[in-house]
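In what follows, every chain begins at residue 1, and chains take the letters A, B, ... in the order their sequences are listed. Atoms considered below: every heavy atom in the structure, side chains included; atoms not considered: hydrogens, waters and symmetry mates.
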Protein chains: 2
Amino acid sequence: MLLVSENARQGDPAQEQFSISELSQEFDVTTRAIRFYEDEGLLEPHRQGRQRVYSSRDRVRLKLILRGKRLGFSLSEIGDIIDMYDSEPGEVGQLQYFIEKISVRRKTLKQQRNDIEVTLKELDGIEKQCRKSMTHLDQP
Amino acid sequence: MLLVSENARQGDPAQEQFSISELSQEFDVTTRAIRFYEDEGLLEPHRQGRQRVYSSRDRVRLKLILRGKRLGFSLSEIGDIIDMYDSEPGEVGQLQYFIEKISVRRKTLKQQRNDIEVTLKELDGIEKQCRKSMTHLDQP
DNA sequence: ATTTCCGTTTACGTAAACGTCAATTAAAGC
DNA sequence: GCTTTAATTGACGTTTACGTAAACGGAAAT
C-alpha cells in the first residue's frame, strides 16, 4: 500500500481530480453556482455514477469563469471567451472570426482599464481631501 | 436679442441644463434607464412643472453611473461610490469610514486591473496561435 | 383644430444568476 | 443495520436592471 496524501486521486498532476465541494471551498463559490455553470454549458465534469468529478481542466475553466465575473461579463459572454481558449478551430473562417472577437474583447478590456485608472486617481483625490479635513478637525 | 446656440439654457457654463433626451442621446442610454436611476436615488433632477431638468452636476453623476456599470458594479454599489464623491461629511468618524471604503474600492479595482492585464496577455497568446494556424492552412 | 412630438406616470413583464427548500440517493462511520 | 453526511435533482422564489405598453399632458407645427 502506498502512502498518498489525503486521497488517491493524484499522481500525474495533469490528472488531478476534484469534488464539487473542494472547488466550492477553494474558490469560495457555492455548489449551486458551480452546477448552474454546468447547466449553462460552461462546465462538463465527468461522472462517477451520479457524482461530478472535475479535472484540472475543469478547474481552470472555473477559474476563468470567476475572473470573467469579476470583470463584469455575463455568463454567456464568459462562455464565448472560454471557448476561445480551448477550442481547436479547423477552418480559416473560424480563425478570422476568432481574431475579430479577440479584438472586440480587447477593446472592452482597455476601456475598463482606462475607467479603472481614472477612478483610482479620483479616489486619491478624495482621500487627500478627507485627510485634509480630518487634520483640520483634529487641530481647530 | 442675444445670439445663443440652440437653446437659452447656457451662459454660466456651470449652470447648463439638459433634457432627459439630450442626456439619453449623449450617453446612449434609454430615458427609461435614466428615470430608473432616479427611482433608485442615484439622480434627482429639478423639475419645471413635471419635466425633469438636469444640471451639469446631474450629468456628471450620470457619467459616473455609467462608468460604474462598465466596471461591473451594481447600482447600489454605484450609489455608495457616487455619494463618496460629492458628500460633505462633517464628522471625523464619517471620514474614517470613508477612507476605509475607499481602500476597499481600491482593492477591488486593482484586482480588476490585474485580471485585465492577465487576460490581455492571454489574448495575445491566443491570437498568435490563431495567426500561426492560419498561415499553416494557407500554405499546406 | 388636430396631428405630432416629447415627456410623464403606472403597471406589468423579463432575463440573468443564483438562493432556498424538499425529496432522493449514495457513501461512510459506528 | 442504522444513522450521519455529502451530493444530486427539481421546482419555485428572488433580486437587479431595465423593456414595453398604455394612457395622459403640454407645446409646437401645419
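A:Glu38 places its CD atom 15 Å from the P atom of C:dC18, with the value rounded to the nearest Å.
With sequence neighbours left out, B:Arg59 forms a side-chain hydrogen bond (donor to acceptor under 3.5 Å, both in side chains) with B:Glu26. Not a single side-chain hydrogen bond (donor to acceptor under 3.5 Å, both in side chains) links A:Arg50 to another residue, sequence neighbours left out. In this structure, the side chain to side chain contact (heavy atoms under 4.5 Å, CB included) partners of A:Asp58, at least two apart in sequence or on a different chain, are A:Pro45, A:Tyr54, A:Ser55. Residues meeting the side-chain hydrogen bond (donor to acceptor under 3.5 Å, both in side chains) test with A:Ser24, sequence neighbours left out: none. Contacts of A:Arg131 classified as side chain to side chain contact (heavy atoms under 4.5 Å, CB included), with partners at least two apart in sequence or in another chain: A:Glu127, B:Ile99.
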Exercise for the section: Quick one, give me the B/S/- string for nucleotides 7-18 of chain D, reading 5' to 3', where B means a protein heavy atom under 4.0 Å from the base and S means that only happens at the primed atoms, P, OP1 or OP2. Expected result: SBB-B-----BB

